[in-house]
Each structure stands twice: as C-alpha cells, then as structure tokens.
Amino acid sequence: PVFVLNGPNLNLLGTREPEIYGTTTLADIEALCRQTADTLGVSIVFEQTNHEGALVELIHQAGEKGSAIVINPAAYTHTSIALLDAIKGVDVPAIEVHLSQPVAREAFRAVSYVSLAAAGTISGLGARGYELGIRAAVQLAQARAK
C-alpha cells in the first residue's frame, strides 16, 4: 500500500483557519485519496496523528509494509529532524504534500526538513495535492520495482 500520513492539527481541517486551509475536512481528503488509489489499482493506509513519535513509527511501518509514502507533516515540516531521519531510513519514496503554500506564509515556514529526504513536494493546491502526491508516489514505486 501507499501510506498517506498526516501530522498535527490536520484533524481540525474544515474548521481550522478556513481562510488558509479551506473547508475541506480530513475525511474529505481521505475519500479523495481512496478514490485515487482505487483508480490506480492500489491500496492506501491513511493515518493522522498529533504526535511526532507516532508519525515516526508510521514511517517505519511504511518502510516495512508499504511501497511509498505521501506525507503532510504539517508543523513538523519545519521542526522535525526525527521525521527527516525516519524518511531517510526507509527504502520507499516519499512525496511531501501541503494544502497551503508554506513559503508564501510566515518566514519560518520556508524551511522544510522533510524536503531534504522527499522525492518531491506538492504545495498550494489544496486537497488536490494529495491526489497528485499519490499518483507521483505510485509512479515512483512502480519505477523502482522494475
């Protein structure tokens, strides 16, 4: 499966800062991801956690049981060397996704530790970024399998 992993506060989508994140909920995003995966003939594991260590563990699971990772690390993007090391430590491609355009916001959001290990980053396209992320992750995983 492709592991679609979501970091802190994304469980609040739909009500949290709708002027930045819109009104799409995490459940809406999960439905879009499942529909995309079905179209591509792959399965997904969709998870959200507010805890950095739990996200590290999910990355480890993706390395053991998955073919690729699509990750929205949320605020951990800018702070977590642990996520960087976890992604570098597993042998599956990772695509970083952000609903907003972090570099167009506060200056501290311009730094992404996750980008240092991700195969690519999709940002600023709202929920559609997840769909594109899954498509890219599947293509990368298939190319690696050949």
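Only heavy atoms go into these numbers, but all of them, side chains included; no hydrogens, no water, no symmetry mates.
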I'd like to know if the side chain of T15 and the backbone of L12 have a donor-acceptor N/O pair within less than 3.5 Å. yes

Salt bridge (charged side-chain N to carboxylate O under 4.0 Å, His left out) pairs, two or more places apart, involving residues 80-100: D91-R144

Once you round to the nearest 0.5 Å, how far does NE2 of H98 lie from CD1 of I122? 10.5 Å

Which pair of heavy atoms, one from A141 and one from P93, lies closest together, and at what distance? N-CG, 4.1 Å

Could you tell me whether a side-chain N or O of H78 sits under 3.5 Å from a main-chain N or O of V111, the two making a donor and an acceptor? yes

Tested for side chain to side chain contact (heavy atoms under 4.5 Å, CB included) against F3, the lone hit among V90, V92, V45, I59 is V45

Roughly how far, to the nearest 0.5 Å, is CG of L55 from OH of Y76? 7.5 Å

Out of curiosity, L99 CG to L10 CG, how far, rounded to the nearest 0.5 Å? 6.5 Å

Treating Ile, Leu, Val, Met, Phe, Trp and Tyr as nodes and any side-chain heavy-atom pair under 4.5 angstrom as an edge, say whether I44 and L5 lie in one connected cluster. no

Tell me if a side-chain donor or acceptor on D28 pairs with a main-chain N or O of T25 at a distance below 3.5 Å. yes

Hey, mind stepping through E47 and N6 against side chain to side chain contact (heavy atoms under 4.5 Å, CB included) and telling me if it holds? CA-CA 6 Å; E47 296 286 345; N6 297 278; over 6 Å; no

Quick one: side chains of residues 60-74, donor-acceptor pairs under 3.5 Å with protein atoms, not counting sequence neighbours, listed by atom name and distance.
unit_1 : atom_1 : unit_2 : atom_2 : d
S67    : OG     : P1     : O      : 3.4
N72    : OD1    : A74    : N      : 3.0
N72    : ND2    : Y130   : OH     : 3.2

When rounded to the nearest 0.5 angstrom, what distance separates CG in L13 from OH in Y21? 8.0 Å

Distance, nearest 0.5 Å, that separates CG of L40 from CZ of R135: 5.0 Å

Should we say atom CZ of R34 is surrounded by more than 12 heavy atoms from elsewhere, each under 6.0 Å from it? yes

Quick one about N50 and Q48 (side-chain donor to acceptor, distance below 3.5 Å, no hydrogens or angles considered), yes or no? yes

For residues L32 and A127, report the shortest heavy-atom separation together with the two atoms involved. CD2-O, 3.4 Å

Looking only at heavy atoms, which two atoms of V97 and G133 are closest? And how far apart? CG2-CA, 4.4 Å

Please determine whether residues Y113 and I87 belong to a single hydrophobic cluster, defined as Ile, Leu, Val, Met, Phe, Trp and Tyr linked transitively by side-chain heavy-atom distances below 4.5 Å. no

Rounded at 0.5 Å granularity, tell me how far CD1 in I134 sits from CD1 in I95. 11.0 Å

